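All values derive from a computational prediction rather than experimental measurement. Each chain gets a letter, A, B and so on, in the order the sequences are listed, and its residues count up from 1.
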Amino acid sequence: MLRFVSHKVTSRVYSTTTRSHVGSTASSWTTVVSALARSGVIDALHAAVELLNDGDKPDDASSALVHLLRVSGNHGYVSLCRQLHGYVVKHGFVSETRLSNSLMRFYKKSDSLEDAHKLFDEMPEPDVISWNSLVSGYVQSGRFKEGLCLFLDLHRSDVVPNEFSFTAVLAACARLKISWLGACIHSKIVKLGMEKGNVVVGNCLIDMYGKCGSMDDAVLVFRHMEEKDTVSWNAIVASCSRNRKLELGLWFFHQMPNPDTVTYNELIDAFVKSEDFNSAFQILSCMPNPNSSSWNTILTGYVNSEQSREATLFFTKMHSYGVRLDEYSLSIVLAAIAALVVVPWGRVIHSCGLKLGLDSRVVVASALIDMYSKCGMLKQAELMFWTMPRKNLIAWNAMIYGYARNGDSTEAIKLFSQLKQERFLKPDGITFLNLLAVCSHCEVPMELTLGYFEMMVNEYGIKPRVEHCCSLIRAMARRGDIWQAKKVIQEFGFGFDGVAWRALLGACSAGKDLKAAKAVAGKIYVYIVMSNLYAYHEIWREVSQIRKIMREKGVEKEVGSSWIQEQNVAIQL
DNA sequence: GTAGGGTTAG
């Protein structure tokens, strides 16, 4: 027995007038389906549920059910959709690929990717659309590695990939900056002759190359495209500006036929990143349709350049100009407030979030956790965390960070163990950074600290970044193991990274170990700082000169490893 | 009227 309850009062009123109309003619599926396609959706759904309950099977069952699922899904009738799934199973329609695909669409849209995947696994014959749907589901929810792995599975299956298959996976390569795989996929696309005919594929390629730092390849793809749309232009402008070629980006921008809000927002972002706020303002005031993002980009710029006070002032300005505040506006300004440690302002934004109905959004809730814990209000942070309806990794990380920041290693470690029990979440590099940070600041046994580091590398396949090593170095140096810490730097190939040496030097000075500090500083520090400075100014000749001196003096040894090997580890193929 | 899958800003 299917039950359909439409909670909307307005639709009830509406249905009293039109129900009889549909009801009198809705004895057939044809009428219901055409009503679903046009208007009077609620009544059509009622009529359809009645028909199904009467045992009236539609002639073309899968078509009718696909329609039903699409409409009830779009209108947020989650319960009805789940019941329809039950109906599909009960009446043996699961082998209908189109029907299962549309069920997958519903689960994806209602953030139940796991259910979509389960359905996919149960399909006897998933087609290319089923595969694409799942791959894009993972990519769209930020689970890029899983998306990539699934794409590789598709490649090994009998199903032939099409244009749609490549777009989502290129987006994943872009976000993970795996240009070698992106380039492989590019050559596959060329081989299949899909490069020229499809604008979206071209757009994805431009974006992928741009995000992977290969601006020249992005330009090449752009120039060879037969047809270009606004997204193509936006992608090439962004590729240039992201790769420190703002001039070229602006040149493309001036050639562009119809710049839109995204284009202008890209430019604002580029100016803000080069801390040219005046140019950013100029664009904001001259652009045709500024939206929340346009303002948020400048707000983010202030926070990222550590101008938190300016950020809060700018936020006030947004408010007074009547800019629609969205979840990002709130989370960014909360970051600024957290840096300034002004609890009353944080509370104001919290109530602002409640009023706008944005407080349970993951970005806002995590920002609130972060703000409260940075202000030392751990109890408030905990309350936020445990009352969140859906907790993603960002929220967990924020809470672990909260404990870490307040020096509560016991709670941080306890929460980390709880995170490990979560079925659909996996700790990432940030989680371990927070965990290692708490280990380096508190009296956590060295064996445990090292255990976490090894767990990160071996169990979760996360490549240690220099920040992880810094925490490890600090933890070792706290115990006076300067030379072991030095070994860590060399072992992980951070010998050329000033940050690692600075961490060690800092640890030496904190431990008042003058002898060790002198040894570290005198031998290496100057070289590193100079090398980084030259690299920053792109004076590569000097960089290599310094590195040569370092090698000759036996100060450091360059660690060589295959780039492809590294990337393979990075995506856990 | 042919349903189910794709790209860009934070």
Side-chain angles (χ1 to χ4, degrees), chain A residues 30 33-34 36-38 60 62-71 73-74 96-109 116 119-120 123 126-137 139-140 147 151 154 159 161-175 194 198-208 210-211 218 221 225 228-239 241-242 259-270 272-273 283 287 290-301 303-304 326-332 335 363:
Chain A
T30 337
V33 168
S34 64
L36 284 174
R38 285 199 318 269
D60 189 353
S62 68
S63 284
L65 289 168
V66 164
H67 267 111
L68 266 176
L69 275 164
R70 178 176 48 83
V71 172
N74 287 349
E96 297 270 353
T97 307
R98 269 189 314 169
L99 197 43
S100 290
N101 286 346
S102 88
L103 277 167
M104 275 175 66
R105 174 181 182 264
F106 155 68
Y107 284 122
K108 261 173 66 176
K109 280 191 76 170
L119 196 70
F120 176 84
M123 286 172 76
D127 64 3
V128 67
I129 294 180
S130 327
W131 281 97
N132 295 347
S133 179
L134 201 58
V135 172
S136 70
V139 174
Q140 280 159 4
F151 172 81
L154 159 64
V159 177
N162 61 10
E163 285 99 324
F164 289 81
S165 321
F166 293 115
T167 49
V169 83
L170 281 172
C173 294
R175 302 301 287 267
M194 292 172 183
N198 194 306
V199 193
V200 181
V201 172
N203 295 347
C204 292
L205 283 169
I206 297 171
D207 182 56
M208 183 274 294
K211 285 197 177 127
V221 173
M225 277 170 82
K228 298 175 181 81
D229 63 8
T230 311
V231 178
S232 332
W233 284 95
N234 287 342
I236 195 66
V237 170
S239 294
S241 62
R242 250 195 293 262
D260 66 358
T261 304
V262 176
T263 325
Y264 290 104
N265 289 355
E266 290 274 19
L267 292 180
I268 291 177
D269 187 51
V272 150
K273 284 207 173 105
I283 294 175
M287 68 186 280
N291 59 11
S292 308
S293 306
S294 323
W295 292 78
N296 290 344
T297 307
I298 295 183
L299 195 62
T300 311
V303 174
N304 287 343
D326 64 9
E327 51 193 304
Y328 296 104
S329 324
L330 299 187
S331 64
I332 301 159
V363 279

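At the heavy-atom level, A:Arg98 lies under 4.0 Å from base atoms of the strands shown. Within the nucleic acid shown, A:Asn304 has no heavy atom closer than 4.0 Å to any nucleic acid atom. Within the nucleic acid shown, A:Val199 has no heavy atom closer than 4.0 Å to any nucleic acid atom. Using a 4.0 Å heavy-atom distance criterion, A:Asn296 is classed as a base contact. Here A:Glu327 lies out of heavy-atom contact (under 4.0 Å) with every strand.
For A:Asn101, taking side-chain heavy atoms from C-beta onward, the closest of the listed nucleotides B:dG4, B:dT8, B:dT7 is B:dG4. Relative to the side chain of A:Lys273, the nucleotides B:dG10, B:dA9, B:dA3 differ in distance, and B:dG10 lies closest. Relative to the side chain of A:Lys211, the nucleotides B:dG10, B:dT8, B:dG4 differ in distance, and B:dT8 lies closest.
In this entry the distance linking CD of A:Gln140 with C1' of B:dG4 reads 14 Å, nearest Å. With rounding to whole Å, A:Asp229 atom CG is found 12 Å from B:dG6 atom C1'. Look at CG on A:Leu69: it is 15 Å from P on B:dA3, rounded to the nearest Å. Summarising the geometry, the separation between NZ on A:Lys108 and C1' on B:dG4 is reported as 10 Å, rounded to the nearest angstrom. To the nearest angstrom, P of B:dG10 lies 14 Å from CE of A:Met287. Rounded to whole angstrom, the span from the CG atom of A:Asp260 across to the C1' atom of B:dA9 amounts to 9 Å. Here B:dG10 presents its P atom at 14 Å from CG of A:Leu299, a figure rounded to the nearest Å. Straight-line distance from the CG atom of A:Asn132 to the C1' atom of B:dT7: 14 Å, rounded to whole Å.
Close to B:dA3, at under 4.0 Å from its OP1 or OP2, lies no side-chain N or O of A:Ser102. Of the side-chain N and O atoms in A:Lys228, none sit less than 4.0 angstrom from OP1 or OP2 of B:dT8.
Take A:Trp295 and apply the ring pair (Phe, Tyr, Trp, His ring centres under 6.0 Å) test, not counting sequence neighbours, and it matches A:Phe314, A:Tyr321.
Residues A:Lys108 and A:Ser136 have side chains in contact (heavy-atom distance under 4.5 Å, counting atoms from C-beta outward). Counting heavy atoms from C-beta on, the side chains of A:Glu163 and A:Val200 never come closer than 4.5 Å. You'll find the side chain of A:Ile268 reaches within 4.5 Å of the side chain of A:Asn265, heavy atoms only. The shortest distance between side-chain heavy atoms of A:Arg98 and A:Ser63 falls below 4.5 Å.
Donor-acceptor pairing under 3.5 Å is recorded for the side chains of A:Asn291 and A:Ser294.
No hydrogens or angles were tested; on distance alone, a donor-acceptor pair under 3.5 Å links the side chain of A:Asp127 to the base of B:dG4. No hydrogens or angles were tested; on distance alone, a donor-acceptor pair under 3.5 Å links the side chain of A:Ser293 to the base of B:dG10. Between the side chain of A:Thr297 and the base of B:dA9, no donor-acceptor pair of N or O atoms lies under 3.5 Å.
Sorted by residue number, the members of residues 263-270 of chain A with any non-hydrogen atom under 4.0 Å from DNA chain B read A:Asn265, A:Glu266, A:Asp269.
Annotation for A:Gly210 and A:Ala218: closest pair N-CB, 4.1 Å, computed over non-hydrogen atoms.
Each of A:Phe151, A:Phe120, A:Phe164 was scored for a ring-ring contact (aromatic ring centres under 6.0 Å, His included) with A:Trp131, with one residue passing: A:Phe120.
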